[in-house]
Amino acid sequence: MVVAPVYTRFAPSPTGHLHVGGARTALFCWALARRARGDGGDGRFIIRIEDTDQARSSDESARGILEDLAWLGIVWDEGPVWVGRLSEPTIPGTDVGSESRPTQIGGDPRGVGPFFQARRVPLYNKYVERLIASGRAYPAFETPREIEALRKEATGRKQTYRYDRSGVPMEERLRRMRAGEPHAVRFVAPEGGVTVRDLVLGDVRYAPGEMDDFVIRKADGFPTYHFAVVVDDETMGVTHVLRAQEHLNNTPRHVALQAALGFRTPEYAHVPLIFNQDGTKMSKRDKAKAARKSFREALGKPGALGTADFARDLGLTPDNLAAFLTGDNDSLEVAGAIARHLGLALPEIEVCDFRAAGYLPEAIVNFLALLGWNPGMKTPDGRDLEKFDAAFVAEHFSLERIGTGNAKFDRAKLLAFNSERIGAMTDAEFVARWRAWAADFEPDLAAKLTDRQLSLIAPAARPRCKTLRDLAAVLRFAVTPDDGFEYDPKAVDKVLRRGEPSGLVMLQAARDLVACTDPFEPASLNQAVERLAAEKGVGMGQVAQPLRVALTGQAVSPPLGETLAVLGRESALARIDRCVRAVSAPSTGAA
RNA sequence: GGCCCCGUCGUCUAGCCUGGUCUAGGACACGUCCCUUUCAAGGACGUAACACGGGUUCGAAUCCCGUCGGGGUCACCA
């Protein structure tokens, strides 16, 4: 069977981090190309950086986006060269926990680059000039401000603004251009209608006269998005354009441009959008919104500091903070500072947010694949097949199975996927992957924990962790100084002061056991505690809880045996003694 | 507002193309119970949807039309 070549591309603009929606689009593009290759055809996945907006683009963003894609295991066959370490299991043939090796992704085997549009300007100019020469495009001299005024006027009359080229005769336009007058270049919109063939949506018809003479080259000499995509998709041999549905209404422009330039029209497939649970668009602004909301609540609390004091604590100027609070800016730095100060987690929007929050790339890939696509298969026991890896997506992906409706991003389900992946790991894998994560996101904590401590706690902690970050929270008690943590007053009251005999008495009894149990390991410690409870004729909880609070300050911790073992005998005794003292001396206050 | 897309449990979806096997299946979330040294995890069970109205047909979640609802887009941003 002859399989037609499938060349796809993901073309982010480097104006920020990689959004989860973009990651999904990239995943689909990747999968479509891989699928073709798996079917014995020629499939390539290309990355192109659309940096024609000089003001907003940055190399740093471009690097970050590539990094995030690589982390997800979405590797590109052609595009900017990225060198880094791939150690995640979504990359076939890579072992988790093994020493990751430097890997190079990208390159230009066909010589169709460069893959940064800013470096392709001469190419665009060639085609712009061709269009002008054939009368399909023309210079325009209005400034953006002037156009904006006209547009405002039109919308004021409840009409859609359309550029009117009849204002200036063509000959005059060309003369002024040759005279060196600054200008943009506009495309002569076709008279007829345009039909877009979409592999997801079907045929979409646009009536004649819907399109106006849009700009194809800005006054700064850079092409607009519409022009650059069309030229690049042609010259890079892209056969299938997968992109978010918000681009659907751009497609007739691209089709018209292709016709005018004598280019092929690639296959199009517009994938549905991803929204927040509340139906709003998922945006990095959500982080600012969340920070603002929490901040206002914190300000409203009795005894709260004033805004000016907060600003000082946050290391911001009051003006800066005020502007943020009124919504005049959505500064991520301010939002982050507020979040750190208030100890709250901002919503994850971008791939790097999920990474920092301790999500696994394979869980994200799995979840994202299911947002708008579904393999339509059943497991042997008749359930819908929805747990799979990237390789599976690459093998089974098809455009026909992309849904048409927009989807809401269900964080709870992602979390469940992540949690299940953690549950399916071996303890060794869990430790190795936590170490890899913590090196980047919890370096201090990681440095203080020994491998022995980690391997002691991992089996008990794993079912309690939905993310890698959760393990950090579980482990924190183990690295605080014995006299350096506070007691949860509610826990102290409930567990140590009440009861008959009181928790404090039980704690004192348990001290002996901690002092002499040998070996000092989870199983033996557990047995010792059980024996004590039996001797005293009380439930396990009456012994375990006082100990737990004494050791961690909290009513919640890993199972007691592990909690003791991780601390070690000396530390455990010190904590018990400190707790006994603190609770016996009421004036000290437990908190 | 113009144009365009969409509409199955709270959410993601299977089923729709090729009407009957759908008293609509699964997953997440939620609830109840079991287990239990805390918190989890685990096990069992359960609540919950074809937006509405017209057609077509012996028969419609599935085909057609309309209404309503949601979304996108209308930049010298991409």
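The chains referred to below are lettered A, B, ... by the order of the sequence lines, with proteins before strands, and numbering in each begins at 1.
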Classify the nucleic acid contact of [X] as base, sugar-phosphate or nothing, counting any heavy atom under 4.0 Å across all strands shown.
X: A:Asn250; result: base
X: A:Arg151; result: sugar-phosphate
X: A:His270; result: nothing
X: A:Thr52; result: sugar-phosphate
X: A:Asn526; result: base
X: A:Lys466; result: sugar-phosphate
X: A:Ala219; result: base
X: A:Ala184; result: base
X: A:Tyr161; result: nothing
X: A:Arg56; result: base

Among the candidates [options], find the nucleotide nearest to the side-chain atoms of [X].
X: A:Lys218; options: B:C39, B:C77, B:U37; value: B:C77
X: A:Ala412; options: B:G71, B:C77, B:C28; value: B:C28
X: A:Pro463; options: B:U38, B:A41, B:C3; value: B:A41
X: A:Ser13; options: B:A29, B:A78, B:U73; value: B:A78
X: A:Thr160; options: B:G72, B:G1, B:C39; value: B:G1

Indicate the ring-plane relationship of A:His254 and A:Tyr225, choosing parallel, tilted or perpendicular according to the 30° and 60° boundaries.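 Because their plane-to-plane angle is over 60°, the rings of A:His254 and A:Tyr225 count as perpendicular.
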Round to the nearest Å and state the distance from A:Gln159 atom CD to B:C3 atom P.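 Distance, rounded to whole Å: 13 Å.
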With side-chain hydrogen bond (donor to acceptor under 3.5 Å, both in side chains) as the criterion, how do A:Thr517 and A:Ser524 come out once you've worked through the C-alpha distance, each side chain's angles and the decisive distance to 0.1 Å? CA-CA 7 Å; A:Thr517 298; A:Ser524 49; over 6 Å; no
RNA chain B: A:Asp220 or A:Gly382, which has the more 5' nearest nucleotide?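 That would be A:Gly382.
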Considering only the [atom1] atoms, how many Å lie between [N] and [M], rounded to the nearest integer?
N: B:C17; M: B:C63; atom1: C1'; answer: 10 Å
N: B:U47; M: B:G53; atom1: P; answer: 25 Å
N: B:C22; M: B:G1; atom1: P; answer: 43 Å

Do the charged groups of [X] and [Y] touch, with an N to O distance under 4.0 Å?
X: A:Glu386; Y: A:Lys413; answer: yes
X: A:Arg119; Y: A:Asp51; answer: no
X: A:Arg462; Y: A:Glu429; answer: no
X: A:Arg464; Y: A:Asp470; answer: no
X: A:Asp493; Y: A:Lys490; answer: no
X: A:Glu153; Y: A:Arg151; answer: no

Identity of whatever pairs with [N] - Watson-Crick or G-U, under 3.5 angstrom:
N: B:U37; value: none
N: B:C52; value: B:G66
N: B:G1; value: B:C74

Base contacts versus sugar-phosphate-only contacts with protein, heavy atoms under 4.0 Å: please encode nucleotides 4-22 of chain B as B, S and - from 5' to 3'. SSSS--BBBSSS-------
